[in-house]
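Residue numbers start at 1 and run along the sequence shown. Every number for a ligand or one of its atoms is a count from 1 in the order of the listing.
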Amino acid sequence: MATNIPSKPLEPPIQPPNPDEGGSVVLERRTQRVKPPQMYQVLMLNDDYTPMEFVVVVIQEFFGKDLESATRIMLKIHLDGKAVCGVYSKDVAVTKVDQVLDAAHKAGHPLQCICEPVDL
Ligand code: TYC
């Protein structure tokens, strides 16, 4: 005789609240934790050829900085070799890099721009 073995053990049936146990139902509280999305910083790199004025304009135009902040960031790149121009979601950061490289290429400057995950 063929025997049918169930592939999955049967779940115990759900019992209705038992009045002898007070008839109460205990609900388990679980805190749902959602991780914030990974953010990306866009860095500009120093070189010996791109004019400072061009870098300042690019930082203002693509990173929404005023003249004073853009100048401070440009000088940091010039002195330290690189600086963060902004922090964004991955798609936005990649777009900023493309925009900067495109503008630099069209103007004939070797300006380099990269993005990397924050908190490496
Ligand atoms: N070092 C460049 C110069 O002296 C200026 C510069 C600043 C270039 C920042 C690139 O990302 C840069 N003309």
Considering only heavy atoms, does D47 approach ligand 1 within less than 4.0 Å through its side chain, its backbone, both, or neither?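 Within the 4.0 Å criterion, D47 contacts ligand 1 through backbone and side-chain atoms alike.
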Are [X] and [Y] packed together at the side-chain level, in the sense that at least one heavy-atom pair is separated by less than 4.5 angstrom?
X    : Y   : answer
V42  : V94 : no
V100 : F63 : yes
Y40  : V87 : no

Does ligand 1 come near enough to L45 that some N or O of the ligand is less than 3.5 Å from an N or O of the residue? yes
Do T50 and ligand 1 have an N or O pair less than 3.5 Å apart? yes
Nearest protein heavy-atom contact for [atom]: which residue, which atom, what distance?
atom                   : value
atom 6 (C) of ligand 1 : N46 OD1, 3.4 Å
atom 4 (O) of ligand 1 : H78 CE1, 3.1 Å
atom 9 (C) of ligand 1 : I77 CG2, 3.5 Å

Ligand 1 atoms nearer than 4.0 angstrom to some heavy atom of M52 are 5 (C)
Numbering the atoms of ligand 1 from 1, which are under 4.0 Å from a heavy atom of L111? 10 (C), 11 (O), 12 (C)
Under a plain distance cut-off of 3.5 Å, with no hydrogens placed, do T50 and D47 share a side-chain donor-acceptor pair?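 Yes - a donor-acceptor pair under 3.5 Å links their side chains.
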For L45 and L111, which heavy atoms make the closest approach, and how far apart are they?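 Heavy-atom minimum between the residues: O-CD1, 3.9 Å.
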Backbone of L67 reached by a side-chain donor or acceptor of T71 within 3.5 Å: yes
